[in-house]
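Worksheet: one structure, shown below.
It should be emphasised that the depicted structure is a prediction, and the values quoted were computed from it without experimental measurement.
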Protein chains: 2
Amino acid sequence: MEARPEVSANSRLTVAAHALTWIGLYQRRGHEVATSEQIATSVNTNPVVIRRLLADLRKAGLADSRRGAGAGWMLSRDLAAITLLDVHDAIAAGPIFALHRSTPDPECVVGHGIGPAMAAVYDQIESTLRGELARTTLEDILRDVLKAT
Amino acid sequence: MEARPEVSANSRLTVAAHALTWIGLYQRRGHEVATSEQIATSVNTNPVVIRRLLADLRKAGLADSRRGAGAGWMLSRDLAAITLLDVHDAIAAGPIFALHRSTPDPECVVGHGIGPAMAAVYDQIESTLRGELARTTLEDILRDVLKAT
DNA sequence: GGTGTCGTAACGTTTACGGTTACGACAAGC
DNA sequence: GCTTGTCGTAACCGTAAACGTTACGACACC
């Protein structure tokens with residue numbers, strides 16, 4: 001009966017990591033800023049999609065942009081100081097699992113108690129997930145990327 | 001360019017655990033089978049949704065059904081022998097994170113190497129997730145449910 | 001044979017994201 | 001100051017998945 005987010009980041013984390021890593025490498029090669037056009041070409045998508053995504057990352061303090069001519073994007077921190085958890089939180093990814101869409105029968109023992117019981121499991125999993133994401137920085141990702149060449 | 005599952009089980013795991021736990025408790029109280037109608041009432045959804053879900057669980061060998069008059073659903077194994085991982089696999093939940101929807105520019109260093117780099121992280125996370133889900137059985141869930149009363 | 005339930009197809013609704021177009025805002029350079 | 005290039009955002013469409021509902025055939029007990 002009620003509405004529900006049902007998000008699921010899915011490919012957004014991949015694209016966000018891709019964009020930031022691209023900017024980082026581009027800057028290390030001596031460029032000031034990267035345009036959404038350039039990033040979109042590497043990601044193989046539309047520049048607007050990149051701008052929307054980077055706007056979220058800017059809100060989280062991971063990236064920043066300059067306007068006007070010679071405009072573009074730059075990192076706010078070094079790649080080594082950005083973990084995948086930072087990126088994950090920046091793109092406001094929803095929880096992996098959700099409870100019922102419409103609340104189950106509260107008169108039923110199972111219907112009444114299953115929500116909290118499952119939530120406890122989900123919270124534990126979510127916490128573990130965050131720990132895993134925090135272990136990897138974009139510097140690690142870039143190292144893997146360059147190693148694969 | 002290509003199509004993609006983009007599944008994300010979301011509430012399906014919750015509902016599946018709910019249904020199985022309900023059947024288990026109902027059987028312990030002396031009943032032979034549970035109808036999709038009864039389960040749907042507890043879950044607060046449509047019986048067809050329950051039947052579709054239980055059909056997946058039957059394929060995985062977790063539940064079984066009887067037809068004809070006095071028909072309904074029963075467990076194939078005891079609640080203690082069913083983990084959340086079993087349920088998760090039974091409902092064919094997709095991966096948490098996905099790679100790019102359309103393949104990135106292979107001419108670009110980042111575009112070429114980012115996929116495998118992220119996949120390695122995702123595989124590790126997926127593996128940890130499975131370990132977490134395997135730790136909890138439906139018997140554990142039922143215990144929590146009854147404790148909450 | 002009647003009855004109750006499963007089995008399943010078909011269809012509509014909802015939600016979210018990605019893709020695209022469009023246009024205003026802005027700042028550097030001439 | 002005007003031009004130019006890029007960001008900032010709104011608006012809209014298409015797609016994909018799950019849920020909800022209706023409908024009807026299949027089946028087995030009584």
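- Under the side-chain contact (heavy atoms from CB on, under 4.5 Å) criterion, A:Glu139 pairs with A:Arg28, A:Asp78, A:Leu79, A:Ala80, A:Thr137, A:Arg143, not counting sequence neighbours.
- The existence of a salt bridge linking A:Arg135 and A:Asp140 is excluded, since no basic side-chain nitrogen approaches an acidic carboxylate oxygen closer than 4.0 Å.
- Distance B:Leu54 CG to C:dT5 P: 15 Å, rounded to the nearest Å.
- Spacing between atom CD of B:Glu32 and atom C1' of D:dC29 amounts to 13 Å, rounded to whole angstrom units.
- One interatomic measurement links the two molecules: CZ of B:Arg51 to P of D:dA26, which rounds to 16 Å at whole-angstrom precision.
- Cluster membership for A:Leu25 and B:Ile114, using ILVMFWY side-chain heavy atoms within less than 4.5 angstrom, is shared.
- The interatomic distance linking B:Met74 (CE) with C:dC6 (P) rounds to 10 Å, in whole Å.
- The backbone N or O of A:Thr14 sits nowhere less than 3.5 Å from a side-chain atom of A:Ser11 that would complete a donor-acceptor pair.
- The side-chain contact (heavy atoms from CB on, under 4.5 Å) test with B:Asn46 is passed by exactly one of B:Asn44, B:Ile50, B:Val43, B:Val49: B:Val49.
- Computed from coordinates, the A:Leu53 CG to C:dG18 P distance equals 8 Å when rounded to whole Å.
- Exactly one residue among A:Trp73, A:Tyr26, A:Trp22 makes a ring pair (Phe, Tyr, Trp, His ring centres under 6.0 Å) with A:His31. That residue is A:Tyr26.
- Considering only side-chain N and O atoms, B:Thr35 lies nowhere under 4.0 angstrom from the phosphate OP1 or OP2 of C:dT5.
- Here A:Ser11 does not reach the OP1 or OP2 of C:dC17: none of its side-chain N or O atoms lies under 4.0 Å away.
- The interatomic distance linking B:Leu99 (CG) with C:dG18 (P) rounds to 14 Å, in whole Å.
- With sequence neighbours excluded, the residues satisfying ring-ring contact (aromatic ring centres under 6.0 Å, His included) with A:Tyr122 are A:Phe97.
- Checked by distance alone, A:Arg52 brings no side-chain donor or acceptor within 3.5 Å of a matching partner on the base of D:dT9.
- Residue-to-nucleotide contacts include no donor-acceptor pair under 3.5 Å from the side chain of B:Arg101 to the base of C:dG18.
- The distance between atom CD1 of B:Ile91 and atom P of D:dA17, rounded to the nearest whole Å, is 16 Å.
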Dump the pairs, protein N or O against N or O of nucleotides 27-30 of chain C, anything under 3.5 Å, distances to one decimal.
from: C:dA27; atom 1: N3; to: A:Ala69; atom 2: N; distance (Å): 3.2

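- Checking A:Ala71 against A:Ala55, the closest nucleotide of DNA chain D that is more toward the 5' end is the one next to A:Ala71.
- Side-chain atoms of B:Thr21 come within 3.5 Å of backbone atoms of B:Ala17 as a donor-acceptor pair (strictly under, hydrogens ignored).
- Under the side-chain contact (heavy atoms from CB on, under 4.5 Å) criterion, A:Thr35 pairs with A:Glu37, A:Gln38, sequence neighbours left out.
- Between the side chain of B:Glu32 and the main chain of B:Gln27, no donor-acceptor pair closer than 3.5 Å is present.
- Atom CD1 of B:Ile50 is separated from atom C1' of D:dA18 by 14 Å (rounded to the nearest Å).
- With contacts defined as side-chain heavy-atom distances shorter than 4.5 Å, the pair A:His100/B:Thr45 does not qualify.
- Side-chain contact annotation: B:Ser36 with B:Arg51, donor-acceptor N/O pair under 3.5 Å present.
- For the contact set between residues 37-46 of chain A and DNA chain C, defined by any heavy atom under 4.0 Å, the members are A:Thr45, A:Asn46.
- Among the protein residues, B:Arg66 comes within range of the sugar-phosphate backbone only, with heavy atoms under 4.0 Å from sugar or phosphate atoms but none that close to a base.
- When each of C:dT21, C:dC17, D:dA23 is scored by its nearest atom to the side-chain atoms of A:Arg12, the top-ranked nucleotide is C:dC17.
- Listed in residue order, the members of residues 57-65 of chain B having a heavy atom less than 4.0 Å from DNA chain C are B:Arg58, B:Ser65.
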